[in-house]
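To start, the structure itself, in structure tokens.
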Protein chains: 2
Amino acid sequence: MGTRAQQEIQRIVDRLAAAIVEHRLPPGTRLVESKLVEVLNANRNHVRAALQKLASEQKVVSIVPNRGAFVAQPTVEEARDVFEARILLERAIVGLAIRNLSARNRNRLQKQLEQETEAIRRHDRQEMIRESGNFHRVLAEIAGNQVLTDLLTGLITRTSLIIALYQETPEVKCSIEEHQALVDAILGGDAALATQLMDEHMATIQRYLLLDERPKTVDLQAALG
Amino acid sequence: MGTRAQQEIQRIVDRLAAAIVEHRLPPGTRLVESKLVEVLNANRNHVRAALQKLASEQKVVSIVPNRGAFVAQPTVEEARDVFEARILLERAIVGLAIRNLSARNRNRLQKQLEQETEAIRRHDRQEMIRESGNFHRVLAEIAGNQVLTDLLTGLITRTSLIIALYQETPEVKCSIEEHQALVDAILGGDAALATQLMDEHMATIQRYLLLDERPKTVDLQAALG
DNA sequence: CTTTTAAAAATTGTTAACAATTTGTTGGCA
DNA sequence: TGCCAACAAATTGTTAACAATTTTTAAAAG
């Protein structure tokens, strides 16, 4: 495909991923191709390609043959694996970021915290989700490893879907207070403290997940058995 | 797409990835769609989808609009980033694997080493490459985290392409001696030693890469400037 | 009123024809 | 010979029509 088609597919991927990440499309939602064509003002071939990509790359969509695409419902095991992998990457990124603290990068961290503050001030939940994800992405960019950034970006997306599916209450647990403490430790150059704070930050998020139980959706087996 | 088409695309992806990983398709090789259709006995649409996947997921193919697909030529920066990320994952995997040492898993490690020995005995270079990759995949599977396994699998593929492009001599540096030492440390439950051996193993591979210089292929700018 | 069956509609899956672009070749001409 | 234009071939990119499957609707039968 030419660049134009690829860009269009990416546009659709981004729109859908954003909607899933910001919990506007709950897990299990049916994604009918013709509706997406209408809503996104797109070509059906492109929509199909985008859905395939979301299914095979980020795994936030699952495709059932002859039945169509749905917002994915990751299993408890997958949720655990995603968190385990993410913590791993986040810890390493914190360490790398501390070694790359240029004036510009310090500034980026401050600016990012301001964005989050603004989102909270406006009580804009979707923007809060978006910005809390951006915080971790900025950290990865400061770490200066594009491969790590790409891997983490995928895990951030999946994490948000997992939260939609398993978190007991809908508040955004990826809090600015913990981000602020992290930034303080990073700017202070205290790698050990920063790493520990990142561990605790991830643990905080994980603590509110109901990973002992089944997915939130109706389990016919349990409900009728 | 239905399951059948997806399977067919995956078959093509696997065939192409194997050829690239085993250095049968050197970096920069042109991949003409019609030739692939012939050689792989496939449909052109499926070939195109497979090439797109290899480009956007594993990044071992690069697609130039209106010019076609080529075996990728990762930059020195990308090579460094891939290795940095891979070391990170491998270290963690070693630690996790030691905690999961069932009888079956001990056996899998032994069996894997036997496979590698056999490849060496037969002087089958392509099988040696394949099996040395399998060693790291088995380790990831023993670690018991499917997400980590998937991420590492992608990085192993990319690593092999990087070696094809940047290693000074063509021997397989991912050696069974170091694998054997690693297995000994793991079976002995010595996490600190095993992690250190993994570090050294990765360092050994990296040591033979010419990452100070340009890619091996002719650089017109440098050659004619 | 419930169940069954058949037809219609909606939705997904597949393909090959067509279009656009790049690459290669030939022949004229100074 | 060297250069250029026009044509031809090869290759990639795009699309819409067609096929297959599932879901819905409606009618008929018990």
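Below, chains carry the letters A, B, ... as their sequence lines are ordered, and counting in each starts from 1. Everything numeric in this text was worked out from a predicted model, so none of it was measured.
For A:Arg30 and C:dT12, the shortest distance from a side-chain N or O to OP1 or OP2 is below 4.0 Å.
One can place CZ of A:Arg4 at 12 Å from P of D:dG13, the figure rounded to the nearest angstrom. Following rounding to the nearest Å, B:Arg48 (CZ) and D:dT11 (P) show an atom-to-atom distance of 14 Å. As rounded to whole Å, 13 Å separates atom C1' of D:dT14 from atom CD of B:Gln52. With rounding to whole Å, A:Glu33 atom CD is found 14 Å from D:dT23 atom P. Computed from coordinates, the A:Leu36 CG to C:dT11 P distance equals 11 Å when rounded to whole Å. A straight line from CG of B:Asn45 to P of D:dT15 spans 14 Å, rounded to a whole angstrom. For the pair B:Asn43 CG and C:dA17 C1', the computed distance is 14 Å after rounding to whole Å. For the pair B:Leu51 CG and D:dG13 C1', the interatomic distance rounds to 13 Å; values are reported in whole Å.
For A:Val32, counting side-chain heavy atoms from C-beta on, the closest listed nucleotide (D:dT15, D:dT12, C:dT11) is C:dT11.
Residues passing the side chain to side chain donor-acceptor pair (under 3.5 Å) test with A:Arg108 are A:Asn105, A:Glu141, sequence neighbours excluded. By the salt bridge (charged side-chain N to carboxylate O under 4.0 Å, His left out) test, B:Glu57 pairs with no residue at all, sequence neighbours left out.
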Worksheet item: Taking protein heavy atoms under 4.0 Å as touching, what does nucleotides 18-23 of chain C look like 5' to 3' if B marks base contact, S marks sugar-phosphate-only contact and - marks none?
Response: ---SSS

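In this structure, B:Ser160 contributes its side chain and B:Ile156 its backbone to no donor-acceptor pair below 3.5 Å. In this structure, the side chain of B:Thr159 engages the main chain of B:Leu155 through a donor-acceptor pair within 3.5 Å. Of the possible polar contacts, one joining the A:Gln112 side chain to the A:Glu131 backbone as a donor-acceptor pair under 3.5 Å is found.
To the nearest 0.5 Å, atom NE2 of residue A:His179 and atom CZ of residue A:Phe135 are 5.0 Å apart.
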